[in-house]
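Just the heavy atoms: all of them, side chains too, but no hydrogens, waters or symmetry mates, feed the values below.
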Amino acid sequence: MCDKQTVGLLQRRHVLVDQIKYIGKESNNLEEVEAGLEHSPQNAYTEYPDPNRDEWTTKWLPALSDAPLADLVRVCKEKISRRALIDMRAGRSRPHRENQELLAYLFRRFHKT
């Protein structure tokens, strides 16, 4: 952490990129945010989602493919079938939102990095 008394060479900070989002900045809206006329900065940005770079494709699908199938079947119990897990791992299907959240929770819990 730096303050007014910080002197000398600073150490490098490690950065982990969680996801990439493409946004457009509407300059008129940015000026309104800075002027205090627009209360929410989110209204000044337009997000352009890229289906090839969404969180499922870049983060959870590789983790799912690396995990042993037997372990996945055991932890998912009756929530997600073995066949559905095989199709997800192969990229032939995507889980619906509830199952994506379940898989994300399981990976956070069991595969802490």
Side-chain angles (χ1 to χ4, degrees):
M1 179 149 241
C2 298
D3 58 19
K4 291 180 181 182
Q5 285 75 34
T6 302
V7 179
L9 184 64
L10 300 176
Q11 299 297 316
R12 291 182 180 254
R13 294 190 67 183
H14 296 280
V15 177
L16 296 174
V17 177
D18 188 40
Q19 68 184 152
I20 297 172
K21 290 184 178 183
Y22 295 104
I23 60 168
K25 298 176 279 194
E26 304 300 332
S27 60
N28 294 338
N29 293 349
L30 288 174
E31 291 170 1
E32 291 174 359
V33 170
E34 289 176 7
L37 300 173
E38 179 66 54
H39 298 290
S40 175
Q42 287 82 12
N43 293 337
Y45 296 99
T46 303
E47 186 175 336
Y48 298 98
D50 181 359
N52 295 325
R53 291 187 177 259
D54 70 343
E55 188 177 28
W56 170 253
T57 305
T58 59
K59 191 173 185 179
W60 302 118
L61 184 57
L64 186 66
S65 299
D66 290 343
L69 182 60
D71 292 346
L72 289 171
V73 171
R74 182 177 43 79
V75 236
C76 291
K77 298 183 175 122
E78 295 86 35
K79 301 273 186 197
I80 305 174
S81 71
R82 182 179 189 279
R83 180 79 249 165
L85 287 167
I86 291 170
D87 287 341
M88 286 178 219
R89 288 167 50 122
R92 290 188 293 267
S93 70
R94 293 176 79 126
H96 57 78
R97 172 59 64 198
E98 183 180 312
N99 284 344
Q100 279 187 26
E101 291 170 1
L102 170 67
L103 289 168
Y105 168 76
L106 292 172
F107 279 114
R108 284 188 199 106
R109 184 170 172 210
F110 294 113
H111 299 287
K112 294 181 182 180
T113 55

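Taking CG of Asn99 as the reference point, atom OH of Tyr105 lies at 15.0 Å (rounded to 0.5 Å). Summarising the geometry, atom CG belonging to Leu103 is positioned 5.5 Å from atom CH2 belonging to Trp56; distances are rounded to the nearest 0.5 Å. Atoms CD1 and CG, on Ile80 and Asp87 in that order, are 12.0 Å from each other to the nearest 0.5 Å. Of the inter-residue distances, the one linking Arg83 atom CZ with Leu85 atom CG reads 10.0 Å to the nearest 0.5 angstrom.
Residue Leu64 comes nearest to Met88 through the heavy atom pair CD2-CB, 3.6 Å, listed as atom of the first residue, atom of the second, then distance. Shortest non-hydrogen contact noted between Ser93 and Ala84 is OG-O, 4.2 Å.
Every side chain to side chain donor-acceptor pair (under 3.5 Å) that Arg94 has, sequence neighbours left out, goes to Asp54.
Sparse packing is recorded around NZ of Lys79, with 12 or fewer heavy atoms of other residues, nucleotides or ligands lying under 6.0 Å away. Within 6.0 Å of atom CZ in Arg97, 12 or fewer heavy atoms from other residues, nucleotides or ligands are found, so the atom counts as exposed in its surroundings.
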Sequence neighbours left out, cut at 3.5 Å: what donor-acceptor pairs do the side chains of residues 68-77 make with other protein atoms?
none

